Asker: 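My questions all concern the structure below.
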Amino acid sequence: MPELPEVETVRLGLKPFVEGARIEKVTLNRADLRFPFPKGFAKALTGRTIDSAGRRAKYLLFRLDNGTTLLSHLGMTGSWRFEGFSHKDESRYYPAGEDRKHDHVAMALDHPEHGRMTLIYNDARRFGFMDLFAREEDSPYLAGLGPEPLGNAFDAVGLAVSFAKRAAPVKNALLDQRVVAGIGNIYASEALHRAHILPTVPSRDLVTKAGAPRTLLEDLVGAVRTVLLEAVDAGGSTLRDFRNAEGGSGYFQHRFAVYDREREPCPTPLCTGTVHRIVQSGRSTFYCPVCQKRPRH
Ligand SMILES: [Zn+2]
């Protein structure tokens with residue numbers, strides 16, 4: 001399932017080819033994905049120019065020249081790719097490797113530099129969805145989201161406010177999109193391992209009685225940024241290698257420290273622990289019981 005770094009990688013791959021492109025024609029091969037397409041979807045997009053390719057949490061946001069935003073969530077298997085570049089030398093970056101029966105949306109684009117191409121949305125399991133809205137604050141998907149973990153608004157002081165009264169385990173708090181937007185199951189485990197915090201620690205234990213962040217909470221903020229940025233970098237190098245980009249079906253393979261590594265040695269230098277797996281709120285959590293600790297008061 002694509003998480004924030006994977007969505008960011010998709011965005012970076014699309015950006016140079018969609019920004020400034022005019023949408024000439026939109027073809028829908030079915031009426032719905034996870035949800036029906038909004039009414040008048042193809043018509044609303046046709047003739048518009050894409051001003052920017054943005055992202056909020058795990059949502060791709062194509063902002064159009066009339067102020068409308070096209071939101072795309074990739075679900076579990078959604079992907080965007082290009083085909084049919086009119087500039088031949090670029091087509092090799094985006095091989096047609098997908099099973100075309102899962103091509104649900106095709107947009108004919110005309111870009112001032114790159115010429116004509118088709119942008120295709122493919123989604124085998126159809127957990128992805130799209131929406132259109134005039135103002136981002138009107139979108140039910142974007143309203144109420146917490147700060148972006150890679151943005152300036154995400155810091156230990158703010159997180160301390162969210163955590164102060166929470167008895168829930170810190171792993172669960174990190175998955176709460178109102179606390180911080182876009183962190184999924186994989187990077188929650190990775191960040192807690194990086195910060196050496198046990199995933200079962202009650203969130204409020206990372207905050208002092210006066211409401212200030214404890215050192216471990218500051219470490220956690222740094223760890224969240226680091227694991228996400230490393231993954232975005234890994235995705236970027238995949239793009240540069242032209243192996244995957246938007247042309248491939250799978251998302252880039254990133255080597256995780258603890259995620260999906262049950263019973264393997266902990267990668268923390270000098271740690272003698274092994275990776276354990278527990279289930280929290282129905283989701284697997286991977287951690288090292290030796291180097292991940294609870295805060296000392
Ligand atoms: Zn360890």
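Atoms within a ligand are numbered from 1 in the order they appear, just like the ligands themselves. These numbers were taken from a predicted model, which means no experiment stands behind them.
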Asker: Quick check on the Zn ion (ligand 1): does H196 put an N/O/S atom closer than 2.8 Å to it?
Answerer: no

Asker: Tell me, please, which residues at least two apart from H102 pass side chain to side chain contact (heavy atoms under 4.5 Å, CB included).
Answerer: D99, H104, N122, A124

Asker: With sequence neighbours excluded, what pairs up with F133 under the ring-ring contact (aromatic ring centres under 6.0 Å, His included) test?
Answerer: none

Asker: Evaluate salt bridge (charged side-chain N to carboxylate O under 4.0 Å, His left out) for E6 paired with R11, printing each intermediate quantity in order.
Answerer: CA-CA 9 Å; E6 290 81 7; R11 185 184 78 83; over 6 Å; no

Asker: Measure from the Zn ion (ligand 1) to each N, O or S atom of H193 and report whether any distance is below 2.8 Å.
Answerer: no

Asker: Suppose you place the vertex at the Zn ion (ligand 1); what is the angle out to C291 SG and C288 SG, to 10°?
Answerer: 110°

Asker: Answer yes if the side chains of Q280 and T285 hold a donor-acceptor pair under 3.5 Å, and no otherwise.
Answerer: yes

